[in-house]
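One structure below.
Throughout, a chain's letter reflects where its sequence line sits, starting with A, and its residues are numbered from 1.
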2 protein chains.
Amino acid sequence: MATRTVVNLGELERAIMDVIWDATAPLAATDLREQLKASAPGGKEPAITTVMTVLSRLEAKGFVVRDRDARPHLYSATMTREDHVAELMHEVLGSASDRDAVLARFVGQVTPHEAERLRRLLDA
Amino acid sequence: MATRTVVNLGELERAIMDVIWDATAPLAATDLREQLKASAPGGKEPAITTVMTVLSRLEAKGFVVRDRDARPHLYSATMTREDHVAELMHEVLGSASDRDAVLARFVGQVTPHEAERLRRLLDA
DNA sequence: GATGTTTTCTACGTGCCGTAGAATTCTACG
DNA sequence: CGTAGAATTCTACGGCACGTAGAAAACATC
């Protein structure tokens, strides 16, 4: 019933996606767990089964794909973080009736540098 | 523990915010309930206490303020929907390390009309 | 085929949210 | 005032998403 928007990631799910996105190649669950420990401040370290459960859920949600032929299964993201975030932005933008008004507020809050960047992108 | 981002609204909470945002003046819970029924397709109609509970939660979350002096209490939004959505967009944008790359994807997906709109906004 | 590894299954605890009755407080009106 | 009706607060339950992970099953390897 809940209009399943894409904005549905928990804390650990997001942390795992971040590791996958930062990786240069598909990762095995164990490696991923290592990276997770490295990037986590408190050194918290979930059980390997926990990581796999979340990975399965992320796969079900379409965020990652896994190579089931490889022997530890290898996981990779279905889209880049940038594409994902851009998509989220559009999704959020779409939730307003007056898109133009939202854009006005939006550009009113970007940094000068980003404004310049946007100008260049738009002229390209 | 969960890094409470602003992106936390349930289905009913959002529906209620939409009614409040569409309203031209502060609303009483009963009126709000009416509007809710009107805008809902299935004619689903939550109990008045349900509406009030959610309203209280929205107040706690800082999304609405209520006039406690008025006799039915009157509720209104703390910010416009456009400001809210723009804020969300920035929040989402901030979740990426490479903001420029995100912006590139983002502008690559806006409609021509919106691109034009953005150009004008940036030059203002 | 026994052993270590990897994966799947199953399941619990917690917190958010929709839901709303019960109890309480408040306002008018007679 | 006293009381009825209206409004507000309190309390609470059920469902679902997530973090969590053990138990069990499937695999690979020697």
Value in whole Å for how far the P atom of dT6(C) lies from CG of Asp69(A): 17 Å
Under the rule for side chain to side chain contact (heavy atoms under 4.5 Å, CB included), what residues qualify as partners of Gln35(B), not counting sequence neighbours? Val19(B)
Ala77(A): which residues meet the side chain to side chain contact (heavy atoms under 4.5 Å, CB included) condition with it, sequence neighbours left out? Met17(A), Ile20(A), Trp21(A)
Please enumerate all residues that pass ring pair (Phe, Tyr, Trp, His ring centres under 6.0 Å) together with His90(A), with sequence neighbours excluded. Phe106(B)
Could you list the protein-to-nucleotides 7-13 of chain C atom pairs, N/O on both sides, closer than 3.5 Å?
from, atom 1, to, atom 2, distance (Å)
dT7(C), OP1, Arg71(A), O, 3.1
dT7(C), OP1, His73(A), N, 2.2
dT8(C), OP1, Arg68(A), NH1, 2.9
dT8(C), OP2, Arg66(A), NH1, 2.8

Between C1' on dC16(C) and CD on Glu11(A), what's the gap in Å once rounded to a whole number? 15 Å
In whole angstrom, give the distance that lies between atom CZ of Arg14(A) and atom P of dG19(D). 11 Å
Would you tabulate the side-chain donor-acceptor contacts of residues 92-104 of chain A under 3.5 Å, counting partners in other chains and residues two or more places apart, or write 'none'?
from, atom 1, to, atom 2, distance (Å)
Ser95(A), OG, Val92(A), O, 2.6
Asp98(A), OD1, Asp100(A), N, 3.4
Asp98(A), OD1, Ala101(A), N, 3.1
Arg99(A), NE, Glu114(B), OE2, 2.5
Arg99(A), NH2, Glu114(B), OE1, 3.2
Arg99(A), NH2, Glu114(B), OE2, 3.0

Rounded to whole Å, CZ of Arg33(B) lies from P of dT8(D) at a distance of 14 Å
Is there a Watson-Crick or G-U wobble partner for dT24(C) with both distances under 3.5 Å, and which nucleotide is it? dA7(D)
Which residues pass the side-chain hydrogen bond (donor to acceptor under 3.5 Å, both in side chains) test with Arg81(A), not counting sequence neighbours? Asp18(A), Asp22(A)
Atom-to-atom span, CD of Glu59(B) to P of dC17(C) - whole angstrom: 16 Å
Distance in angstrom units between Ile16(A) CD1 and dA17(D) P, rounded: 18 Å
Could you tell me the separation between the CG atom of Leu12(B) and the C1' atom of dC16(D), rounded to a whole number of Å? 16 Å
Can you check salt bridge (Lys or Arg N to Asp or Glu O under 4.0 Å) on Lys61(A) and Glu13(A), steps first, answer last? CA-CA 11 Å; Lys61(A) 291 181 182 179; Glu13(A) 289 176 330; 2.9 Å; yes
Separation of Phe63(B) atom CZ from dC17(C) atom C1', in whole Å? 14 Å
